[in-house]
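Structure first, then comments.
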Number of protein chains: 2
Amino acid sequence: MLYHQGARSDALYTVREGAIKLVRHGADGSARIVRIVKPGDLAGLEVLSGREYDASAIAIGPVRVCRLPLATLDRLRTIDSGLGQRMLEKAGDALAEAQLWLAELTAGSAPARVRVARLLLRLKTKPGSTEVFRLASSDIAAILGITVETASRVIAAFKRSGVLTPPAAGSYVMTADSDRLMQEAEGRTD
Amino acid sequence: MLYHQGARSDALYTVREGAIKLVRHGADGSARIVRIVKPGDLAGLEVLSGREYDASAIAIGPVRVCRLPLATLDRLRTIDSGLGQRMLEKAGDALAEAQLWLAELTAGSAPARVRVARLLLRLKTKPGSTEVFRLASSDIAAILGITVETASRVIAAFKRSGVLTPPAAGSYVMTADSDRLMQEAEGRTD
DNA sequence: CGGACTATTGAATGTGGTCAAGATTGGTGG
DNA sequence: CCACCAATCTTGACCACATTCAATAGTCCG
């Protein structure tokens with residue numbers, strides 16, 4: 001865990017390897033994953049506005065990150081004038097991603113099966129690859145705002161229909177039939 | 001309409017007065033509002049990454065905006081070194097808002113009544129005020145990812161129970177009982 | 001006074017939630 | 001090597017909420 005929701009923000013983070021999830025905890029104890037920070041992305045932008053961290057940052061598996069305390073960041077910015085520019089681009093990208101999640105991954109006019117399919121398509125290890133990261137069904141549930149049970153049911157259905165083929169035990173990836181997955185993501189029922 | 005989803009991005013916008021909505025259209029014709037741009041906020045950050053606009057920007061009522069073509073923006077940045085800093089902060093704020101929407105306004109462990117209540121609380125004209133912007137129920141539906149019918153039903157229920165009092169005809173605001181609205185937002189059923 | 005759009009309300013259907021019970025998996029220690 | 005335990009995943013039955021479809025009021029223009 002890199003930092004906690006509600007803690008005073010003091011540093012910006014960038015991920016080098018692996019991935020971290022930003023989890024937002026509701027007053028009632030419910031948890032929701034609001035962003036996945038992949039290599040090259042930034043976490044903890046709150047520090048720039050002096051706000052508290054508005055989510056907790058938790059590593060998904062082993063990661064290598066770079067911690068940039070605010071003072072260090074300011075110093076770097078006076079040296080490298082392009083840094084601010086690149087950070088701004090990254091922030092814009094993160095915003096675009098968040099809005100894409102809002103539009104395509106949240107409930108509303110799309111059944112759970114479709115949303116799970118869309119999420120899986122975004123979890124491909126590489127563009128064009130048939131392998132997708134295998135994350136815990138509790139994480140899938142926390143991203144899509146559904147329960148663990150429905151997540152499990154949908155994944156099971158995909159396995160049965162051959163869209164997904166389970167990996168060797170302990171593996172972090174599973175194989176997907178991209179074409180049929182895209183059909184599911186469109187909502188095609190046939 | 002300031003720009004269309006999918007169009008080549010050529011300018012950044014900031015809102016002076018009023019508000020604009022960023023609407024993302026799905027392949028199936030469905031529309032979802034992914035952000036409300038209020039005075040001081042930025043729209044069209046895609047231009048910084050050279051991407052296409054990933055949503056359409058549509059004014060909600062009369063607005064006054066400032067259009068900044070990319071060339072102008074670059075020129076301004078060489079003059080005012082603090083501009084990039086302020087833009088970065090704004091981008092971070094927008095990201096925080098988007099993630100808050102993801103956590104609190106989308107379906108998942110919260111019935112429609114609760115989410116409408118939360119949305120209304122964020123539509124207050126001023127912090128502490130009892131007046132909330134009265135937006136079309138089709139807009140409420142597009143933000144929360146519910147249908148117009150359920151939005152209408154919930155609003156009607158709030159009016160009947162006295163939580164909301166309808167405004168004079170043609171007004172852009174309506175009065176809310178903040179305390180009871182907060183109770184509804186918590187999910188308290190009593 | 002129409003005409004178009006938005007809002008409202010009602011009934012039937014269906015998807016996902018809840019609750020509860022097993023099944024796998026992975027890890028620990030005897 | 002195996003027994004045991006905790007955590008995660010899986011599956012089933014029932015129910016509630018929201019969607020869908022459809023029909024009726026408003027409301028703002030021309």
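Each chain gets a letter, A, B and so on, in the order the sequences are listed, and its residues count up from 1. Heavy-atom basis, side chains included; hydrogens, waters and symmetry copies ignored.
As judged by a 4.0 angstrom heavy-atom cut-off over every strand, B/T150 is placed among the base-contacting residues. If you check every strand for non-hydrogen atoms under 4.0 Å, A/I155 touches nothing.
Distance from the side chain of B/A112 is smallest to D/dA18 among C/dT18, D/dT20, D/dA18. Nearest to the side-chain atoms of B/P111 among the listed nucleotides D/dT11, D/dC17, D/dT20 stands D/dC17. Closest to the side chain of A/E149, out of D/dC9, D/dC21, C/dT18, is C/dT18.
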Exercise for the section: Represent DNA chain D in dot-bracket notation, 5' to 3'. Only Watson-Crick or G-U wobble pairs with both distances under 3.5 Å count; pseudoknot-style crossings use [ ] and interstrand partners use |. Expected result: ||||||||.|||||||||||||||||||.|
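Residue A/L164 contributes atom CG, which lies 15 Å from atom C1' of D/dC9 at whole-angstrom precision. Regarding A/L144, its CG atom lies at a distance of 15 Å from the C1' atom of C/dT15, rounded to whole Å. Following rounding to the nearest Å, A/R113 (CZ) and C/dG14 (P) show an atom-to-atom distance of 14 Å. When the P atom of C/dT9 is taken as reference, atom NZ of B/K159 falls 8 Å away, rounded to whole Å. The CZ atom of A/R115 sits 10 Å away from the C1' atom of C/dG16 (whole-angstrom rounding).
A donor-acceptor contact under 3.5 angstrom links the side-chain atoms of B/R153 to the base of C/dG10.
Taking only side-chain nitrogens and oxygens, B/T147 comes nearer than 4.0 Å to OP1 or OP2 of D/dT19. Between B/S137 and C/dA7, a side-chain N or O to OP1/OP2 separation shorter than 4.0 Å is present. Dashed line: the shortest gap from a side-chain N or O of B/R134 to OP1 or OP2 of C/dT6 is not under 4.0 Å.
A distance-only check finds no donor-acceptor pair linking the side chain of A/S49 to the backbone of A/R51 [under 3.5 Å].
Contact check for B/L70 versus B/D10: no side-chain heavy atoms found under the 4.5 Å cut-off.
Taking the six-membered ring where tryptophan is involved, the planes of B/Y13 and B/Y3 are tilted, since the angle between them lies from 30° to 60°.
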Practice task
Go through the steps to decide whether A/I140 and A/I155 satisfy the test side-chain contact (heavy atoms from CB on, under 4.5 Å), and finish with yes or no.
Solution key: CA-CA 10 Å; A/I140 296 181; A/I155 298 288; 4.1 Å; yes
